[in-house]
*Asks:* 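This structure is in structure tokens; I'll ask about it shortly.
Position 1 is the first residue of the sequence; numbering continues from there. Just so it is clear, the model here is predicted, and its values are computed rather than measured.
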Amino acid sequence: MRALPIRVDAVLIQAVIAAALSFAHLHDLAVAAGQDGWKAWAYPISVDLLLVAAWKRLRSGHSKAAGWSWFLIALAASLGANVATAGLLDLDNVPAWLRITVAGWPAVAFLGGTLLAHGPATAPAEAAPDETPADTAPEQQPALDQAPDPPAQPADRVPAALVDHARKVAAEHHTRTGTPIDTDTLRARLGVPAPLAAAIAARLN
């Protein structure tokens, strides 16, 4: 089996070395400020996580002001630890203001991480314009109970049997009322549509 070539990235190696040194300096400063045990190791972790969260916000392209603000705060904490542990500060006699700063850092890191992680990372999307014109009403279908009557049939196409039956109905109506039967009454008696009743009435005249 052929071994895969290993590519050495000098920039990555440099980043790992710088991170390790900064991590150690933050740990040493926390110990000097009275934070011993696991707490001293938690301080460099919180600084690095805040740097990563701020960098991700800057890469997202939104809320760059917040990203740069918290990135500079975390970078100042890291650089401050590097300078303080480089021999310029007596680690056996740390001033009170530095002890207060180190003690208050967890709250600052928590606030920054929360705002960066749960803040609005994307701009709100604009509402899409309504593609349907406001003055365009949907086409209404005719109701079943309001269906139009069928087209009128020519008088010569009316079945002869129906015409004969209509003559009997008209004669019975004339005998009973003394007046010729009208189209509406003929339609009601025969139970046919109005156009067909009109065609039958034309045959009766």
*Asks:* Mind listing the closest non-hydrogen atom pair of L190 and H165 along with its distance?
*Replies:* CD2-CD2, 3.4 Å
*Asks:* Restricting to pairs with a member in residues 67-93, which pass ring-ring contact (aromatic ring centres under 6.0 Å, His included), not counting sequence neighbours?
*Replies:* W68-F71
*Asks:* Go through the structure and list residues passing ring-ring contact (aromatic ring centres under 6.0 Å, His included) with H173, not counting sequence neighbours.
*Replies:* none
*Asks:* Please assess F23 against I45 for the test side-chain contact (heavy atoms from CB on, under 4.5 Å), listing each intermediate value before the final yes or no.
*Replies:* CA-CA 8 Å; F23 194 93; I45 295 176; 3.7 Å; yes
*Asks:* Let me confirm one number: the CG-CG distance from L29 to N82, rounded to the nearest 0.5 Å.
*Replies:* 9.5 Å
*Asks:* Where is the tightest heavy-atom contact between L186 and A197, given as atom of each residue plus distance?
*Replies:* CD2-O, 4.0 Å
*Asks:* Q35 and V102: which non-hydrogen atoms are nearest, and at how many Å?
*Replies:* CG-CG1, 3.9 Å
*Asks:* So how far is it from T85 OG1 to H27 NE2, rounded to the nearest 0.5 Å?
*Replies:* 12.0 Å
*Asks:* Return the NE2 to OG1 distance between H174 and T179, rounded to the nearest 0.5 Å.
*Replies:* 7.0 Å
*Asks:* Determine the minimum heavy-atom distance between A40 and V31, stating which atoms define it.
*Replies:* CB-CG2, 3.5 Å
*Asks:* For the pair L162 and L196, evaluate side-chain contact (heavy atoms from CB on, under 4.5 Å) and give the outcome as yes or no after the intermediate values.
*Replies:* CA-CA 10 Å; L162 185 56; L196 182 58; 4.1 Å; yes
*Asks:* In terms of heavy-atom contacts, does CZ of R176 have more than 12 from other residues, nucleotides or ligands at under 6.0 Å?
*Replies:* yes
*Asks:* Could you give the distance from CD (E172) to OG1 (T177), rounded to the nearest 0.5 Å?
*Replies:* 8.5 Å
*Asks:* Which atom names give the shortest non-hydrogen contact between G113 and L50, and what distance separates them?
*Replies:* N-CD1, 3.7 Å
*Asks:* Mind checking the CG-CD1 spacing from D164 to I200? Nearest 0.5 Å is all I need.
*Replies:* 11.0 Å
*Asks:* Between atom NZ of K56 and atom CG of L51, what is the distance when rounded to the nearest 0.5 Å?
*Replies:* 13.5 Å
*Asks:* Compare every heavy atom of A201 with every heavy atom of T183, then report the nearest pair and how far apart it is.
*Replies:* OG1-CB, 3.9 Å
